[in-house]
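Below is one structure, written out as structure tokens; the observations come after it.
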Amino acid sequence: MSVGLQRLRAEPDVIRKGASDKGEDPALVDLALALDERRRARLGESDSLKAERNAASKRVGEAVRGGADPAGPEVAGIRASAAALGERIAALDLEITGIEAELEEAMLRIPNPADPDVPVGTAEDDVTVRTWGELLPRVAPVEGEVGADAAPGGATWVRLPHWDVAESLAIFELERGAKIAGSGFPVYRGAGAAMQRALIDFFLRTHTVENGFTEIWPPAVVNSASARGTGQIPDKEDQMYVVTRDDLYLVPTAEVPVTNLHRDEIFDAGALPVRYAAYSPCFRREAGAAGKDTRGILRVHQFDKVEMVLFERPEESSDALEWMVGRAEDLLRRLGLAYRVLLMATGDMGFVQAKKYDLEVWAPGVERWLEVSSCSNFRDYQARRMQIRYRPAPGAKPELVHTLNGSGLALARVVAAILETYQRPDGTVDVPAALRPFMGIDRILPPGT
RNA sequence: GGAGAGGUCGCCUAGUGGCCUAGGGCGCCGCACUGGAAAUGCGGUAUGGGGCAACCCAUCGAGGGUUCAAAUCCCUCCCUCUCCGCCA
């Protein structure tokens, strides 16, 4: 169950349109409605038979307590009819279980309808909401520097891709990573390692001290129930590393353990919003992406990320999404990285999201936009699957919360963008001012200098 | 990893096949009493599903089984605690 039977019954047209906008089959809605009808009919029968049986059992108990012979004919008659009821109940319940399995199967394939303000269409219909910062060119005039760094007038220099910068500065080692683990498992060294640590610290500190998030340091593995909760299984099972021996999954994002913290829980009336910022390593098999982005650290099997996870009251979730995007943007601005914000169209946003923004940072060395954050509002879709609820008021009936999450931010691509944005004609790289207190150096120099 | 003890309503606890339709206490909410409060008394206080409703059904860590009937008996699993071993 993900979209909710009540809503399905109340506004099937909205759900049908939501499905077709996302390129899914709207007929599933009618299938689900029919199954729901059948289920309720059978359930009514089963429930009243159970009520009869309970009454009969009670009569047996009263008779025995009243001194009747438990094996005598008086009791035997009731027992026989109760047993007959039991058989009919068992048959009905078997049928109901079957119907419910079909219904759930159908419900799981009905996507979360997108918000009304989301553009309908494919990736081509994504909307660039805003762009910030100067888009540095790959080939730039050598300018302005005084003294030793100055170059002859009119000269140009070419910004290198981050992998070339990394090699000359010995910041990370992809071949040795491949030797000890496999390709796509980078080893960070020296200032590169320090930059990882500094970014994590900078992000977490900003979120906790300035933005009011509670910091979480989650396990890097989860059990199958948690993987199911956020929809990693069965949908994205191929993307995860699995420890079959212990039925554990390496987390592909902190979203999985952190959202599951409140699975099957009910928040008290005043508890929301609950906002977490969590660092975790992220493990992704990237099945099906072989041969794509093979150079550098744009697509790796293990990277680091600080994730924002929000549990909100339904009426606040729309504002919370905009706020969360702003928190991620703030980090990029402080790092001095040019970026753009994309509002994803219905066909490009995924099955479970109601609204999704991507943040892409400009990497002048490879002349590409790199996705470093994805911020989504799931509304009650994910909460329904995980049964995460809250009380609107003390003593009131529990209702589903709205969940949101977004990267704030993903490290590997941020590092790539920093190396390409802050490199200098002499091959060194300036440390962005925001990171200097965390790294303790102002500039990354080649080893041995 | 070995041995033992446990998992019951927000919390504590009673409960060894049928008056369990899960009792009691604490907490919480309402009402009464009060100038106001404390104390006291009375009532209420889980979640999901079905039904217009009265009401019915399900849930005592999870899942199976035995039985007319399971919190209670049997099987499997999960978790917590104590002791021992090992260990960053």
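Quantities reported herein were computed from a predicted structural model and do not represent experimental measurements. Side chains included, hydrogens not; waters and symmetry mates left out as well; all remaining heavy atoms used.
- A donor-acceptor contact under 3.5 angstrom links the side chains of A/T403 and A/Q382, judged on distance only.
- Across all strands shown, B/G1 forms a Watson-Crick or G-U wobble pair, both distances under 3.5 Å, with B/C84.
- Inspection of the A/E322 and A/Y357 side chains reveals an N or O donor paired with an N or O acceptor under 3.5 Å.
- When the C1' atom is compared between B/A69 and B/A22, the two are found 16 Å apart, to the nearest whole Å.
- Of the residues in residues 34-48 of chain A, those with a non-hydrogen atom less than 4.0 angstrom from any atom of RNA chain B are A/R39, A/R40, A/L43, A/D47.
- Taking only side-chain nitrogens and oxygens, A/R391 comes nearer than 4.0 Å to OP1 or OP2 of B/U47.
- For the C1' atoms, the distance linking B/C26 with B/A14 amounts to 15 Å, nearest Å.
- When both distances must be under 3.5 Å, the Watson-Crick or G-U wobble mate of B/U47 is B/A58.
- The separation of B/U13 from B/C20, taken at their C1' atoms, amounts to 16 Å, rounded to a whole angstrom.
- Summarising the base pairing, B/A32 is matched to B/U40 through a Watson-Crick or G-U wobble pair whose two defining distances lie under 3.5 Å.
- To the nearest angstrom, C1' of B/C79 lies 15 Å from CG of A/D264.
- As a whole-Å value, the separation of A/E100 CD from B/G50 C1' is 12 Å.
- Here the P atom of nucleotide B/G50 and the CD1 atom of A/I96 are 12 Å apart, to the nearest Å.
- Residue A/K50 places no side-chain N or O under 4.0 Å from the OP1 or OP2 atom of B/G50.
- Rounded to whole Å, the separation between the P atoms of B/C60 and B/A71 comes to 7 Å.
- Remark: A/D330 engages A/T206, A/R327, A/R334 in a side chain to side chain contact (heavy atoms under 4.5 Å, CB included) (not counting sequence neighbours).
- Applying the salt bridge (Lys or Arg N to Asp or Glu O under 4.0 Å) rule to A/D93 yields the partners A/K50; only residues at least two apart in sequence or on another chain are considered.
- Whole-Å rounding puts the A/E62 CD to B/C20 P distance at 12 Å.
- In this entry B/U16 has no Watson-Crick or G-U wobble partner, no candidate having both defining distances under 3.5 Å.
- If you take atom C1' in B/G63 and the same atom in B/C79, they sit 15 Å apart, rounded to whole Å.
- Annotation: side chain of A/F203 is in contact with side chain of A/L411 (closest heavy-atom distance under 4.5 Å).
- In this entry the distance linking CZ of A/R79 with P of B/G17 reads 17 Å, nearest Å.
- Separating the CD atom of A/E87 from the P atom of B/U67 is a distance of 11 Å, rounded to the nearest angstrom.
- Residues forming a salt bridge (Lys or Arg N to Asp or Glu O under 4.0 Å) with A/E11 (at least two apart in sequence, or on another chain): A/R7.
- Taking the side chain of A/K58 as heavy atoms from C-beta on, and the options B/U47, B/C68, B/U21, the nearest nucleotide is B/U21.
- The residues A/E24 and A/K22 are annotated as not salt-bridged, no charged nitrogen and carboxylate oxygen being separated by less than 4.0 angstrom.
- Pairing for B/A53 is absent, with no Watson-Crick or G-U wobble pair whose two atom distances lie under 3.5 Å.
- Side-chain N/O atoms of A/R9 include one lying less than 4.0 angstrom from OP1 or OP2 on B/G50.
- In summary, the side chains of A/S226 and A/N223 do present a donor paired with an acceptor at a separation below 3.5 Å, with no hydrogens or angles considered.
- No donor-acceptor distance shorter than 3.5 angstrom exists from the side chain of A/R42 to the backbone of A/L92, with no hydrogens or angles considered.
- Pair assignment for B/C11 gives B/G25, based on Watson-Crick or G-U wobble hydrogen-bonding distances that are each under 3.5 Å.
- Comparing the P positions of B/G24 and B/G44 gives a spacing of 10 Å, expressed to the nearest Å.
- The nucleotide whose nearest atom lies closest to any side-chain atom of A/V60 is, among B/G49, B/U47, B/G18, B/G18.
- Side-chain contact, A/E312 with A/H402: no donor N or O sits under 3.5 Å from an acceptor N or O.
- Nucleotides B/C56 and B/A5 place their P atoms 41 Å apart, quoted to the nearest Å.
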Any protein N or O atoms within reach of nucleotides 69-71 of chain B? Criterion: under 3.5 Å, listing atom names and distances.
from  : atom 1 : to    : atom 2 : distance (Å)
B/A69 : O4'    : A/S57 : OG     : 3.1

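- B/G48 atom P lies 5 Å from atom CZ of A/R389, rounded to whole Å.
- The side chain of A/A51 lies closest to B/C57 when the candidates are B/C57, B/G18, B/G48.
- Nucleotides B/A39 and B/C75 have their P atoms positioned 49 Å apart, rounded to a whole Å.
- A ring pair (Phe, Tyr, Trp, His ring centres under 6.0 Å) check over residues 72-116 of chain A, counting only residues at least two apart or in different chains, returns nothing.
- Nearest-nucleotide assignment on RNA chain B puts the 5′-proximal partner with A/G61, out of A/G61 and A/I78.
- Across all strands shown, B/G6 forms a Watson-Crick or G-U wobble pair with B/C79, both key distances being under 3.5 Å.
- Base-pair partner of B/C73: B/G65 (Watson-Crick or G-U wobble, both distances under 3.5 Å).
- Among the protein residues, A/A83 comes within range of the sugar-phosphate backbone only, with heavy atoms under 4.0 Å from sugar or phosphate atoms but none that close to a base.
- Rounded to whole Å, the distance from CG on A/N223 to P on B/A62 is 16 Å.
- More than 12 non-hydrogen atoms from other residues, nucleotides or ligands lie less than 6.0 angstrom from CZ of A/R40.
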